[in-house]
Amino acid sequence: KAGVTQTPRYLIKTRGQQVTLSCSPISGHRSVSWYQQTPGQGLQFLFEYFSETQRNKGNFPGRFSGRQFSNSRSEMNVSTLELGDSALYLCASRQRDYETQYFGPGTRLLVL
Amino acid sequence: KQEVTQIPAALSVPEGENLVLNCSFTDSAIYNLQWFRQDPGKGLTSLLLIQSSQREQTSGRLNASLDKSSGRSTLYIAASQPGDSATYLCAVRALNYGGSQGNLIFGKGTKLSVKP
């Protein structure tokens with residue numbers, strides 16, 4: 001089976017712009033989670049989607065939003081980008097609640 | 001609020017040494033605990049997952065233990081190799097009121113360097 005894929009892998013944006021990141025989970029996985037990783041804060045949970053419904057949400061401002069499609073693919077959107085949004089954004093999927101998550105390679109976002 | 005702490009932040013050992021990485025968490029109401037490995041600039045690879053009812057899990061040279069009452073987990077790596085060099089992350093999945101799963105809460109990791 002193919003692993004979790006994320007596109008694009010690298011992205012450079014300027015402050016005030018918006019960005020959309022995409023994640024394709026492993027085939028058959030219905031849960032997709034998003035994380036932000038920075039050197040200062042480490043890995044922080046953004047949100048989780050299951051069967052197109054947001055199931056959990058982390059402590060991030062409303063500029064961060066996401067959605068999941070019927071084929072389980074997920075997108076994450078960040079509006080009005082700030083310098084502090086520069087980070088590695090990781091997506092992870094899992095098949096069942098008691099199983100581990102499988103992570104994608106991440107999208108590295110740089111905001112100038 | 002659940003907090004996960006990993007000590008030490010960095011560790012350097014000679015090849016062949018056995019080593020232990022530590023993880024502590026503040027709230028014993030957890031669904032499970034996981035150990036991940038992250039290579040520079042890459043995503044995470046799952047190493048071991050311990051359900052809240054379990055005490056330990058083993059995979060090859062790795063053994064992870066869980067003591068919920070004391071809020072601790074350890075990852076034991078036997079006969080370390082240069083290829084084990086990476087950052088090791090501990091993550092706790094919270095157990096919400098009512099028994100539903102919460103999100104994964106990560107420690108900041110231990111950066112391991114195994115010298116040939």
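Just so we're on the same page: letters track the sequence lines, and every chain starts at 1.
- When the side chains of ILVMFWY residues are joined at heavy-atom separations under 4.5 Å, either directly or via intervening members, Leu109(A) and Phe103(A) end up in two distinct hydrophobic clusters.
- To the nearest 0.5 Å, atom CD of residue Gln44(A) and atom CG of residue Asn103(B) are 10.5 Å apart.
- With a threshold of 4.5 angstrom between heavy atoms, Leu89(B) approaches chain A through side-chain atoms but not through N, CA, C or O.
- At most 12 heavy atoms of other shown residues, nucleotides or ligands fall within 6.0 angstrom of atom NZ in Lys115(B).
- Using a 4.5 Å cut-off between heavy atoms, Leu49(B) touches chain A through its side chain atoms alone.
- With a 6.0 Å radius and a threshold of 12 heavy atoms from other residues, nucleotides or ligands, Arg72(B) has its CZ atom at or below the threshold.
- Placement of Trp34(A) and Phe106(B) in two distinct hydrophobic clusters is found when ILVMFWY residues are connected by side-chain heavy-atom separations under 4.5 Å, directly or transitively.
- No more than 12 heavy atoms of other residues, nucleotides or ligands shown are found within 6.0 angstrom of CG on Asn59(A).
- With a threshold of 4.5 angstrom between heavy atoms, Leu88(A) approaches chain B through side-chain atoms but not through N, CA, C or O.
- Taking Gln41(A), Arg108(A), Arg94(A) one by one and counting their heavy-atom pairs under 4.5 Å with chain B, the maximum is reached by Arg94(A).
- Clustering ILVMFWY residues whenever any of their side-chain heavy atoms sit less than 4.5 angstrom apart, transitively, puts Leu81(A) in the very cluster that holds Leu11(A).
- Only the side chain of Asn56(A) comes within contact range of chain B, with heavy atoms under 4.5 Å apart.
- Contacts from residues 12-43 of chain B to chain A, taken as heavy-atom pairs separated by less than 4.5 Å, involve Tyr31(B), Asn32(B), Gln34(B), Phe36(B), Gln38(B), Gly41(B), Lys42(B), Gly43(B) in sequence order.
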Please assess Leu44(B) against Tyr35(A) for the test side-chain contact (heavy atoms from CB on, under 4.5 Å), listing each intermediate value before the final yes or no. CA-CA 11 Å; Leu44(B) 278 64; Tyr35(A) 298 85; over 6 Å; no
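- Of all the listed residues (Cys91(A), Pro105(A), Gly104(A), Gly106(A)), the one sharing the greatest number of non-hydrogen pairs under 4.5 Å with chain B is Pro105(A).
- With respect to chain B, the highest number of heavy-atom pairs below 4.5 Å among Gln6(A), Gln37(A), Glu48(A) belongs to Gln37(A).
- Linking ILVMFWY side-chain heavy atoms closer than 4.5 Å, directly or via other members, places Leu90(A) and Val4(A) in two distinct hydrophobic clusters.
- For Lys111(B), the NZ atom sits in a loose shell: 12 or fewer heavy atoms of surrounding residues, nucleotides or ligands are nearer than 6.0 Å.
- The minimum heavy-atom distance between Gly40(A) and Lys108(B), with the atom names listed, is O-NZ, 3.0 Å.
- Both the backbone and the side chain of Gln101(B) come within contact range of chain A, each with at least one heavy atom under 4.5 Å from a heavy atom of that chain.
- Both Leu47(B) and Leu11(B) belong to a single network of hydrophobic side chains, linked directly or stepwise wherever heavy atoms of I, L, V, M, F, W or Y lie under 4.5 Å apart.
- Annotation: Arg30(A), atom CZ; neighbour count of heavy atoms from other residues, nucleotides and ligands within 6.0 Å does not exceed 12.
- The number of heavy atoms from other shown groups lying within 6.0 Å of CZ (Arg61(B)) is above 12.
- The residue among Gly109(B), Gly102(B), Gly107(B) with the most heavy atom pairs within less than 4.5 Å of chain A is Gly102(B).
- Note on Tyr98(A), Tyr102(A), Phe47(A): by heavy-atom pairs under 4.5 Å with chain B, the leading option is Tyr98(A).
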